[in-house]
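Here is how names work: the chains are called A, B, and so on, in the same order as the sequence lines, proteins then strands, and each is numbered from 1.
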2 protein chains.
Amino acid sequence: MPVVTLAGVLTVSTVNVNGLRAAAKKGFVEWLAATRADVICLQETRAEPEQLAPEVLEPAGWHTVLAPSSAKGRAGVAIYSRAEPEAVRIGFGSAEFDESGRYAEIDLPGLVVASLYLPSGDVGTPRQDEKERFMKEFRAYLEDLRGRAAAAGREVLVCGDWNIAHQQIDLKNWKSNQKEAGFLPEERAWLTEIFESGYEDVVRNLHPEGPGPYSWWSYRGKAFDNDSGWRIDYLVSSPDLASRCTDAYVERAESYDQRWSDHAPVTAVFDR
Amino acid sequence: MPVVTLAGVLTVSTVNVNGLRAAAKKGFVEWLAATRADVICLQETRAEPEQLAPEVLEPAGWHTVLAPSSAKGRAGVAIYSRAEPEAVRIGFGSAEFDESGRYAEIDLPGLVVASLYLPSGDVGTPRQDEKERFMKEFRAYLEDLRGRAAAAGREVLVCGDWNIAHQQIDLKNWKSNQKEAGFLPEERAWLTEIFESGYEDVVRNLHPEGPGPYSWWSYRGKAFDNDSGWRIDYLVSSPDLASRCTDAYVERAESYDQRWSDHAPVTAVFDR
DNA sequence: CATGTGAAG
DNA sequence: CTTCGCATG
């Protein structure tokens, strides 16, 4: 294991990069070089492998999995792992979504790690219907995954941009957003179901008090400077792994111009 | 007449701005404030009036005429004049092209000034057919214009991006461009006809020797730094006005990053 | 307000 | 290589 990681622990980060090409030019590469994470899940890569610079596509010391969307420039997830995956799977068995660059998972010893990019949705448009279809299908998949992983002696960690703030403490302006995609009652209830079904929100576990920590701030207006954010990026794990989480935090940039995405990395540390 | 202009002369500039909004941010506003021109013809404004900042739409001391295309973000011509026009006309009586933001003219005392943006064309595509249709219709209009203007006691000056280099001395790499739109034999012959029909190329009149002066350099490659340009922006005038032209030049930027368009202003000075 | 695409130049 | 429109976020 490379010396830069921490012995005895597993560190996992997830971040929606909002275009990996743009992020790479603005600081992602430096962040990648400095991080001590063992596994990194990316969302919204919005690139084909051929469009990526070598230091992004094949950074030294990392194994990379890319799952681009069949629609150019849209969605796309990736997983970077210092250890070589025992298996790689793209999609979750959905005819509609497996080519959409929204889900990939890898097997590591005793663990399945997934990168998820749930559709954003947009109330009153076909995007919201798409989000609902995805939620329904993915909910069933999570149940399936739990059983399969347990049978194989693996914990589960689904990291990504879930595009839903769960509770009032998960976004700054909850009152004005009750009818907006990302904080609809049915979306929140869907997350509640998942968290009551035996999956855990490891950041909230360690930070039961809000507000935040937020992981996304719109580029519009002064959202970042006002900390007018949303917590929509989660690391969702099976219970035993959750119980081994010793640290969890958002790597919020110090200033607006140090950002390389509208999301910040969310990182959790687990005892091995 | 404003003090910044030159007494006893009429100065006219023409420039393809390649997006007036972008140009305004990069230096067009400063150029406008500094110019001594009395009339300015713009092409490729690519904006609706509402999209323009006040200092561009209604600069102090200028009367402005905007002729946007009905296709958003495409083409568009404009005329800025320090004197109030006696009349304004958009289009040249063409069913196909009058809404396409490619022609506008104003009457000034003793003079008709027009801003023309001829289609660029692209060999082997419908764009080239469009260019040919435009050329045919516009050729007839020029004949008509000559007669009408003369009857009204006005000279004619048609300024703009004609998207055709006339002779070998009008582009750096004429050999490799003989089959490219903008230097096709039939396009060159069309310009020759116009110049032999009693319209004059005032810049070439004063600068019979080439190469150039070029007025456009592709953004691709190192065209500007290598002065690999084309002379496709012309001030085309009736003979009496042409005989009064005392100066004519291209305002080439000093360096690549001082440009605010891929074209440079072409300016001519006439004794009044 | 920002990232991509695609047409156009 | 650049502008702009549009879709998406």
Sugar-phosphate only, base, or nothing, as touched by B:F224 at under 4.0 Å among non-hydrogen atoms
nothing
Any side-chain N or O of B:K222 less than 4.0 Å from the OP1 or OP2 oxygen of D:dC1?
no
Reckon A:Q51 touches a base, only the sugar-phosphate, or nothing at all at heavy-atom distances under 4.0 Å?
sugar-phosphate
Rounded to the nearest angstrom, tell me the gap between atom CG in A:D161 and atom P in D:dT8.
17 Å
Lys NZ or Arg CZ of A:R102 over A:Y117 ring: under 6.0 Å, within 45°:
yes
Outer limits of DNA chain C sitting under 4.0 Å from a non-hydrogen atom of chain A, read 5' to 3', are C:dC1 to C:dT5
Where each residue is assigned the nucleotide of DNA chain C containing its nearest heavy atom, which of A:G221 and A:L20 is assigned the position nearer the 5′ end?
A:G221
Looking for any heavy atom pair under 4.0 Å, which part of the strands does B:Y256 touch: base, sugar-phosphate only, or nothing?
sugar-phosphate
Under 4.0 Å, heavy atoms only, any strand: does A:K26 hit a base, just the sugar-phosphate, or nothing?
sugar-phosphate
So, A:Y234 side chain and A:R204 main chain: donor-acceptor pair closer than 3.5 Å or not?
no
So is B:R139 actually on top of B:Y141's ring, under 6.0 Å and inside 45° of the axis?
no
Quick one: the side chain of B:R46 and the base of D:dT3, do they pair up donor-acceptor inside 3.5 Å?
yes
Tested for ring pair (Phe, Tyr, Trp, His ring centres under 6.0 Å) against A:Y103, the lone hit among A:F97, A:W162, A:F138 is A:F138
